[in-house]
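The structure appears right after this line, and notes come after that.
Position 1 is the first residue of the sequence, and the numbers go up from there. Quick caveat, the model's predicted, so the values are computed rather than measured.
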Amino acid sequence: MGTLTIRTDADVERALESLTSEGQSRSEAVRNAILETERAHRRARLRAAAESLHNDPEDVAASRELTAEMDSFRAW
């Protein structure tokens, strides 16, 4: 496990005060903020990839073709 040292300004201090007002430590608040930011970035990348596929006519055609093929295998 590593250690991270950061410089804070008044805005960051206010945010940390808010995040720690219910007993969470400053370290926990910072760790949670980093993890949440990483999750948000991952969701944004996945959303962009999905939108790219959604807007790709070749991929849409292949998806429809696969759906039609799978429908032919249904038992009922």
Query raised in the report: Below 4.0 angstrom, N of the basic side chain to O of the carboxylate: do Glu36 and Arg39 qualify?
Result: yes
Query - Nearest non-hydrogen partners of Ile34 and Leu4, listed with the distance - result: CD1-CD2, 4.3 Å
Query raised in the report: What are the two closest heavy atoms between Ala29 and Leu16, and how far apart are they?
Result: CB-CD2, 4.2 Å
Query raised in the report: Could you walk me through whether Ser27 and Arg31 pass the side-chain contact (heavy atoms from CB on, under 4.5 Å) check?
Result: CA-CA 6 Å; Ser27 290; Arg31 280 192 298 270; 3.5 Å; yes
**Report entry** Sidechain-backbone polar pair: Ser18 side chain, Arg14 backbone, donor-acceptor under 3.5 Å
**Finding:** no
Query raised in the report: Can you list the steps and then say if Glu69 with Glu65 is a side-chain contact (heavy atoms from CB on, under 4.5 Å)?
Result: CA-CA 6 Å; Glu69 185 177 327; Glu65 201 173 296; 5.6 Å; no
**Report entry** CZ (Arg43) with more than 12 external heavy atoms under 6.0 Å
**Finding:** yes
Requested in this report: Applying side-chain contact (heavy atoms from CB on, under 4.5 Å), run through Arg42 and Arg45 and close with a yes or a no.
Outcome: CA-CA 5 Å; Arg42 188 173 351 123; Arg45 288 191 304 269; 3.8 Å; yes
Report task. Mark yes or no for whether Thr67, through its side chain, and Ser63, through its backbone, hold a donor-acceptor pair below 3.5 Å. Result -> yes
Requested in this report: Flag yes if more than 12 heavy atoms outside Glu38 fall under 6.0 Å of its CD atom; otherwise flag no.
Outcome: yes
Report summary line: For Leu19 and Gln24, the nearest pair of non-hydrogen atoms, with its separation, is O-OE1, 3.2 Å
